[in-house]
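A short worksheet on the structure shown next.
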Amino acid sequence: MSSIHSNTQVKGFQEHEIEQLRKEFPILHQSVNGKPLVYFDNAATTQKPKVVIESLTRYYFELNSNIHRGAHYLADKATTAFENTRQLLHGFINSDEAEEIIFTQGTTDSINLVANSYGRKFLKEGDEVIISGMEHHSNIVPWQMVCEEKKAHLKIIPVEDDGTLNIEAFKGLLSEKTKIVSVVHISNALGTINPVEEIISLAHQIGAVVFIDGAQASAHLDIDVKKLKCDFYAFSGHKVFGPTGIGILYGKRKLLEAMNPYRGGGEMIREVTFEKTTYNDIPFKFEAGTPNIADVIAFGTALEFTSKLGKKNIAAYEEELREYCTTKLLEIPEIRIIGTAPDKASVVSFLVEGMHPFDVGMMLDAKGIAVRTGHHCTQPLMQRFGIEGTIRISLAVYNTFSEIDICVEALKEIIKKWK
Ligand code: PLP
């Protein structure tokens, strides 16, 4: 830990607690290019604690069986473990019912599900879908596709210079033509925490349904879909210490029931004849085929792990880290931070004057420091700022102040050499 923070109690966690926590993440304790790994790419994916890795392997050692249909011991055990994750998610996001949680492959898959199952059924020619100028491509392309098919229009909430959304402009976009509003909770490229409660309330006043992309929020904020009153919410397991290839779509029961299934196959049916198929109840109506059973079970373990740490503790600690990181970076005159919204989560995007982000990323990697460079799947946002991309440090609860010091010193060296 940095001398500045030695023996100081950080909000949320004490120094020794973070040291203990790091022991739970085996991958962190390795050398990369001869240096201890500093992993600052958590917005892309988080690392997995031992309990999650063990949960995955335990499934294949002890439980492997197909679920729901089997009448034997293993099928019963696997089904119970699988459905337990749904129950955990029900608590994790405070949904009215566990049945409102659909397992998907991740956030991208969830957005595609709603764009196809809700959008294709309910959008009509001339209708409007509103997204924001800071969306991940996953929350742009599926809406573009359905709008093109239905001859509907995509409208964009503009982004201000500090990386906040222009809410006045959003109010101006809303009309009786607006049918869907889909916005990101926390921007993966800027770290902005959007005022989603206000956005949802405004959209509801004109009768639009609201989808919230929670990909970046799940590991950092308490999510309460009842309080938010959103119609749909999605996030991915791998960004909240869980496995890849699994995620959720939350939807209000009445909306999910009104939607057509997205994929056809096993499990999603009630009865099939060659003349007609009737569909299963939610959530199964949207879960065709054998699901990703092991990963869903390990996802549940990741949720328990996160809840045990406490989202409030995580957020408080990460805020200290982010503030420290921002302050330290700003001491370097060549660095410009992109995204200075007052309400931010643990992402710090920046540019180094005269250097391409990719070069900076490669040079940091040579020193064992993993950051992400490029457009972060937000090309329109980069265009808005007139840049090709940024260097992005994204922090997680297992990162430390001394890792930030290491990164800042590395940046200073890189810039000095480059000049
Ligand atoms: N939305 C946001 C804000 C993201 O950051 C990401 C991933 O980085 C996604 C959507 C897509 O998530 P996934 O690739 O897990 O489907």
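Start at 1 and go down the list; that is how both ligands and their atoms are numbered.
- When the heavy-atom distances from atom 3 (C) of ligand 1 to I246, N139, V184, T107 are ranked, the shortest goes to V184.
- In this pair, H375 and H137 present their aromatic rings tilted. The plane angle is within the 30 to 60° band.
- Nearest non-hydrogen protein atom to atom 7 (C) of ligand 1 is K239 NZ, 2.8 Å.
- The N/O atoms of H238, backbone and side chain alike, include one that comes under 3.5 Å of an N/O atom in ligand 1.
- At the shortest separation from atom 10 (C) of ligand 1 among protein heavy atoms lies D213 OD2, 3.4 Å.
- Looking only at protein heavy atoms, the nearest one to atom 4 (C) of ligand 1 is H136 CD2, 3.3 Å.
- Of all the atoms in ligand 1, the ones that sit under 4.0 Å from a non-hydrogen atom of N188 are 3 (C), 5 (O).
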Item to check | Full working for side-chain hydrogen bond (donor to acceptor under 3.5 Å, both in side chains) between N64 and Y59 | outcome: CA-CA 6 Å; N64 181 45; Y59 171 76; 3.2 Å; yes

Next on the checklist: side chain to side chain contact (heavy atoms under 4.5 Å, CB included) for I131 and L154? Distances and angles first, verdict last.
Outcome noted: CA-CA 7 Å; I131 60 172; L154 198 60; 3.9 Å; yes

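- A salt bridge links R22 and E403; the closest N-O separation between the charged side-chain nitrogens and carboxylate oxygens is under 4.0 Å.
- Salt bridge absent: E54 and R58 never bring a charged side-chain N and a carboxylate O closer than 4.0 Å.
- Among all non-hydrogen protein atoms, the one lying nearest atom 5 (O) of ligand 1 is Q216 NE2, 2.8 Å.
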Checklist entry - Checking salt bridge (charged side-chain N to carboxylate O under 4.0 Å, His left out) for the pair D281/R270: CA distance, chi angles, key distance, verdict? => result CA-CA 8 Å; D281 294 333; R270 185 181 305 285; 2.6 Å; yes

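- Counting the atoms of ligand 1 from 1 in the order shown, those under 4.0 Å from a heavy atom of S236 are 12 (O), 13 (P), 15 (O), 16 (O).
- For atom 16 (O) of ligand 1, the closest heavy atom belonging to the protein is T108 OG1, 2.6 Å.
- Between F235 and H185, the ring centre distance reaches or exceeds 6.0 Å.
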